[in-house]
Engineer: 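There's a structure below that I have some questions on.
Order of listing sets the numbers, starting from 1, for every ligand and every atom in it.
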Amino acid sequence: MKIGIANDHSAVDMKNEVVDYLKSLGHEVVNYGTDSYESCNYPEYGEKLGNAVASGEVDQGIAICGTGAGISLAANKVNGIRAVVCSDPYTARMAKEHNDANIIAFGARVIGIETAKCIVDEWLNAKFEGGRHAARVDMIMDVEKRNHNL
Ligand code: RB5
């Protein structure tokens with residue numbers, strides 16, 4: 001799978017470890033930065049990743065900032081994005097099975113790398129269940145359409 005990854009300055013080390021982990025699993029990874037520890041603005045990276053996922057440049061995305069909150073909020077402003085902050089593997093699995101999340105986010109200041117790897121595993125291995133969940137995901141996307149004048 002082709003996976004995009006983006007982060008701010010707080011998450012460079014965690015990003016690098018997640019990239020190595022994804023590659024060890026055989027995935028192709030596209031890094032949208034930042035690779036610098038210098039303070040930067042997470043919305044820029046959330047938007048880059050959101051655009052990459054929404055356009056199909058990558059299949060899915062992983063967003064990391066201090067908490068996962070800011071970068072996921074920015075990604076969610078891109079049409080077609082369903083980014084979910086996960087601090088535990090169960091939420092990560094449900095985010096795919098029930099919400100068809102195309103981006104997961106987490107916080108480099110909140111969880112450790114081993115939890116991050118478990119989250120990535122659960123989310124990548126889970127399948128969207130469709131059915132009643134598809135109707136609800138459609139409702140989410142209708143909210144977007146109504147409010148973005150699409
Ligand atoms: C950066 O200090 C921090 O605000 C950012 O990484 C993130 O946690 C925002 O939601």
Engineer: Using the side-chain contact (heavy atoms from CB on, under 4.5 Å) rule, pick out the option among Val120, Val85, Thr67, Thr115 that qualifies with Phe106.
Structural biologist: Val120
Engineer: Among protein heavy atoms, which lies nearest atom 2 (O) of ligand 1, and at what distance?
Structural biologist: Arg109 NH1, 3.2 Å
Engineer: Considering only the protein, which heavy-atom contact is closest to atom 8 (O) of ligand 1, and what is its distance?
Structural biologist: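 Answer, as residue, atom name and distance: Thr67 N, 3.0 Å.
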Engineer: Would a 4.5 Å heavy-atom cut-off, applied to side chains only, mark Val53 and Gln60 as touching?
Structural biologist: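 When only atoms from C-beta onward are counted, Gln60 and Val53 do not touch, as no gap falls below 4.5 Å.
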Engineer: Flag Gly70 as yes when one of its N or O atoms lies below 3.5 Å from any N or O atom of ligand 1, and as no otherwise.
Structural biologist: yes
Engineer: Within a distance under 4.0 Å of any heavy atom of Gly66, pick out the atoms of ligand 1 and give their elements.
Structural biologist: 5 (C), 6 (O), 7 (C), 8 (O)
Engineer: May I ask you to decide if Gly80's main-chain N or O and Glu144's side chain share a donor-acceptor pair within less than 3.5 Å?
Structural biologist: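 Such a contact is found between Glu144 side chain and Gly80 backbone.
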Engineer: With a cut-off of 6.0 Å (strictly less than), are more than 12 heavy atoms of other residues, nucleotides or ligands near CD of Glu47?
Structural biologist: no
Engineer: Would you say that Ile3 contacts Val58 through its side chain, given a criterion of any heavy-atom pair below 4.5 Å between the two side chains?
Structural biologist: no
Engineer: Check ligand 1 against His9 and write out every atom of the ligand that is under 4.0 Å from a heavy-atom position of the residue.
Structural biologist: 1 (C), 2 (O)
Engineer: Check ligand 1 against Ser10 and write out every atom of the ligand that is under 4.0 Å from a heavy-atom position of the residue.
Structural biologist: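 Listed by number with element, the hits are 6 (O).
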Engineer: Using modelled atom types only, decide if a donor and an acceptor are shared between the side chain of Asn99 and the backbone of Ala101 within a distance under 3.5 Å.
Structural biologist: no
Engineer: Would you check whether Tyr42 has a nitrogen or oxygen atom less than 3.5 angstrom from a nitrogen or oxygen atom of ligand 1?
Structural biologist: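 Tyr42 vs ligand 1: no N/O contact under 3.5 Å.
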Engineer: Could you list the atoms of ligand 1 found under 4.0 angstrom from a heavy atom of Asp8?
Structural biologist: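 Counting from 1, the qualifying ligand atoms are 1 (C), 5 (C), 6 (O).
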